[in-house]
Undergrad: 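First the structure, then my questions, so here it is.
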Amino acid sequence: MVNFKQFWTKKTLVGLGLGQFLSLLITSTGFSSSELAKRGINAPTSQSFLNYVLLSVVYGSVMLYRRQALKAKWYYYVILGLVDVEANYLVVKAYQYTSITSVMLLDCWSIPSVMLLTYIFLKTKYRYRKIAGVIVCVAGLVMVVFSDVHAGDRSGGSNPRKGDLLVIAGATLYAISNVSEEFLVKNADRVELMSFLGLFGAIISAIQISIVERNELKSIHWTAGAAFPFLGFSLAMFLFYSFVPVLLKMSGSTMLNLSLLTSDMWAVVIRIFAYHEKVNWMYFLAFVAVAVGLIIYSGGDKDDDQSRADVADQGTERSKHFDEEAGFDNLSRGNTVGSSKMGDMSRHDCMTSSGGRETIENTSIGKDMQGKKS
């Protein structure tokens with residue numbers, strides 16, 4: 001029997017609540033992107049640019065105030081920034097071609113991608129039940145693609161197949177970004193991660209805007225109806241990026257992406273009540289498949305809770321250790337070397353004393369044997 005009191009811990013409830021808050025933020029970004037697409041505004045990189053600037057200014061100021069040494073190589077953040085910028089570009093670009101519901105559902109492709117990457121690089125192990133749950137979720141995503149290709153109602157987008165491919169490519173890059181952030185937030189520092197991701201993300205976005213979206217920005221008529229969703233997208237993305245490392249540190253990349261599954265339900269509500277659009281019946285089958293897959297995946301947690309908690313605690317302790325070393329790197333290295341030498345000397349003394357006791361015991365035994373012979 002499952003011990004529900006042990007399952008519904010404070011950490012679990014906080015993780016679930018934070019996951020749903022992030023899910024609502026993702027839904028709001030989808031709503032904003034879809035609204036901009038309806039107004040003919042096609043500037044996906046420009047939408048994310050302000051978010052990166054906010055991350056760089058806010059968290060960069062905190063980092064400058066701390067004046068601590070970097071805990072990860074700077075070029076790691078350059079690569080992460082490039083991957084993250086292109087992931088946002090592909091997913092936001094997809095709103096020009098397909099419906100908000102398709103984007104939200106197909107974005108779930110990041111779940112099996114995250115599981116594969118964490119298995120390869122972070123050595124996370126998943127039981128067969130969890131793998132079966134992911135397969136069922138992917139089956140639901142296939143239904144979405146099939147419905148977009150064959151449905152008679154094309155009001156959801158001008159080119160649904162192209163939009164679906166863009167979302168899948170963006171979701172794969174999101175998976176790479178999430179796993180990289182999980183590794184960095186557990187082994188480096190959250191403020192450092194956000195500040196450098198914002199810095200390099202803003203630089204890469206500015207370069208891409210000057211090449212790809214310069215003419216598009218000039219042609220935009222900045223009315224209140226265009227500026228409000230633009231600013232709303234940036235604010236929602238800033239909050240999303242700020243709280244994602246917290247959930248990654250608590251529960252990992254897979255938990256993050258599973259929590260975002262509920263954004264699909266919010267997307268359908270927006271599509272029905274805000275846009276007054278008809279939802280294809282295959283979307284509901286996809287919802288059922290995703291829900292069943294999530295239940296199957298969660299059913300495997302009974303045997304894995306303790307091991308996952310141990311891994312999370314180890315990550316937390318390692319992060320605390322890094323925080324304590326901030327500003328005292330050289331001193332810590334010296335203490336570590338000294339401690340290692342003291343440990344070696346202690347082990348040597350123990351071995352010497354043990355060897356001495358063994359010699360004395362052997363001598364005593366030899367004398368006793370000689371006494372018996374005599």
Undergrad: Hey, could you give me the CG/NZ distance between Asn42 and Lys93, rounded to the nearest 0.5 Å?
TA: 3.5 Å
Undergrad: Can you tell me how far apart CD1 (Ile207) and CD1 (Ile204) are? Round to the nearest 0.5 Å.
TA: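 The CD1 atom of Ile204 is 7.0 Å from CD1 of Ile207, to the nearest 0.5 Å.
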Undergrad: Shortest non-hydrogen contact from Pro229 to Ala224?
TA: CD-O, 4.3 Å
Undergrad: Nearest 0.5 Å please: distance from the CG atom of Leu239 over to the OG atom of Ser234.
TA: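 Nearest 0.5 Å value for the CG-OG distance: 11.0 Å.
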Undergrad: Would you name the heavy atoms of Ser110 and Ala171 that are closest together and state the gap between them?
TA: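 What the structure gives for the nearest pair is CB-O, 3.5 Å.
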Undergrad: Establish whether Phe233 and Val57 are linked, either directly or via other cluster members, by ILVMFWY side-chain heavy-atom contacts under 4.5 Å.
TA: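 In one cluster with Phe233: Val57, no.
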Undergrad: Does Ser32 use its side chain to pair, donor to acceptor, with the backbone of Ser28 at less than 3.5 Å?
TA: yes
Undergrad: When Ile, Leu, Val, Met, Phe, Trp and Tyr are grouped by side-chain heavy atoms lying under 4.5 Å apart, directly or through other members, which residues fall in the same group as Tyr65?
TA: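 Members other than Tyr65 - counting any ILVMFWY side chain reachable under 4.5 Å - there are none.
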Undergrad: What's the separation between atom CG in Leu117 and atom CG in Asn178, rounded to the nearest 0.5 Å?
TA: 9.5 Å
Undergrad: Please report, to 0.1 Å, the donor-acceptor pairs under 3.5 Å made by any side chain of residues 240-247, with sequence neighbours excluded.
TA:
| residue | atom | partner | partner atom | Å |
| --- | --- | --- | --- | --- |
| Tyr241 | OH | Asp84 | OD1 | 3.2 |
| Tyr241 | OH | Asp84 | OD2 | 2.3 |
| Tyr241 | OH | Asn88 | ND2 | 2.8 |
| Ser242 | OG | Tyr59 | OH | 2.9 |
| Ser242 | OG | Phe238 | O | 2.7 |

Undergrad: If two hydrophobic side chains count as joined below 4.5 Å and joins carry through other members, does Leu199 share a cluster with Val62?
TA: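 Yes, Leu199 connects to Val62 through the hydrophobic network.
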Undergrad: Should Val114 and Glu182 count as side-chain neighbours, where that means a heavy-atom distance under 4.5 Å?
TA: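 Of all side-chain heavy-atom pairs linking Glu182 with Val114, none is under 4.5 Å.
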Undergrad: Listed by chain and number, what are the side chain to side chain donor-acceptor pair (under 3.5 Å) partners of Ser48, not counting sequence neighbours?
TA: none
Undergrad: Start with the C-alpha gap between Tyr126 and Thr118, add the side-chain angles, then the distance that decides, and say whether side chain to side chain donor-acceptor pair (under 3.5 Å) holds.
TA: CA-CA 10 Å; Tyr126 298 96; Thr118 52; 2.8 Å; yes
Undergrad: A side-chain contact here means heavy atoms from C-beta on lying under 4.5 Å apart; do Val83 and Ser180 qualify?
TA: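 The answer is no, as the side chains (C-beta and beyond) never meet within the 4.5 Å cut-off.
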Undergrad: For Phe183, does the CZ atom sit with more than 12 other heavy atoms under 6.0 Å from it, leaving out its own atoms?
TA: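 Open: at most 12 neighbouring heavy atoms sit under 6.0 Å from CZ of Phe183.
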Undergrad: Do Leu235 and Leu25 share a hydrophobic cluster, counting only Ile, Leu, Val, Met, Phe, Trp and Tyr and linking them when any side-chain heavy atoms are less than 4.5 Å apart?
TA: no
Undergrad: List the atom of Ala226, the atom of Ile41, and the distance in Å for their closest heavy-atom pair.
TA: CB-CD1, 3.6 Å
Undergrad: Given the rule that I, L, V, M, F, W and Y join up when any side-chain heavy atoms are under 4.5 Å apart, are Leu70 and Leu64 in one cluster?
TA: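 They do not share one cluster, since no chain of ILVMFWY contacts under 4.5 Å joins Leu70 to Leu64.
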Undergrad: With a 4.5 Å heavy-atom cut-off, do Gln208 and Phe49 have their side chains touching?
TA: no
Undergrad: Which heavy atom of Ser46 sits nearest a heavy atom of Phe230, and at what distance?
TA: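 Of all heavy-atom pairs spanning Ser46 and Phe230, the closest is O-CZ, 3.4 Å.
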Undergrad: Going by heavy atoms in the side chains, are Arg66 and Asp189 under 4.5 Å from each other?
TA: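 Result yes, sub-4.5 Å side-chain heavy-atom pair found.
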Undergrad: Cluster question for you: counting only ILVMFWY and a side-chain heavy-atom cut-off of under 4.5 Å, with indirect links fine, are Val92 and Ile26 together?
TA: yes
Undergrad: Taking C-beta and beyond as the side chain, do Phe228 and Glu35 meet within less than 4.5 Å on heavy atoms?
TA: no
Undergrad: For the pair Val78 and Ile203, evaluate side-chain contact (heavy atoms from CB on, under 4.5 Å) and give the outcome as yes or no after the intermediate values.
TA: CA-CA 10 Å; Val78 176; Ile203 294 174; over 6 Å; no
Undergrad: Tell me, do Glu192 and Lys71 make a side-chain contact under 4.5 Å, heavy atoms counted?
TA: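 Counting from C-beta outward, Glu192 and Lys71 do come under 4.5 Å.
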Undergrad: Any side-chain heavy atom of Met194 within less than 4.5 Å of one from Val185?
TA: no
Undergrad: Specify the closest pair of heavy atoms between Lys186 and Leu248, including all atoms of both residues, with the distance to one decimal.
TA: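 Scanning both residues completely, I find the closest heavy atoms to be CE-O, 3.4 Å.
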Undergrad: Grab the two heavy atoms, one from Ser113 and one from Ala175, that are nearest each other, plus how far apart they are.
TA: CB-CB, 3.4 Å
Undergrad: Starting at CZ of Arg39, measure out to OG1 of Thr223 and round the result to the nearest 0.5 Å.
TA: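 Going from the CZ atom of Arg39 to the OG1 atom of Thr223 covers 6.0 Å.
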Undergrad: At what distance, to the nearest 0.5 angstrom, does CH2 of Trp74 lie from CD1 of Ile79?
TA: 9.5 Å
Undergrad: Scan Leu54, Leu55, Asn51 and name whichever one has a side chain to side chain contact (heavy atoms under 4.5 Å, CB included) with Met237.
TA: Asn51
Undergrad: Heavy atoms, side chains only, cut-off 4.5 Å: are Leu184 and Tyr77 in contact?
TA: yes
Undergrad: Assess whether side-chain contact (heavy atoms from CB on, under 4.5 Å) is satisfied between Leu50 and Leu231, documenting all intermediate values.
TA: CA-CA 8 Å; Leu50 183 57; Leu231 295 175; 3.9 Å; yes
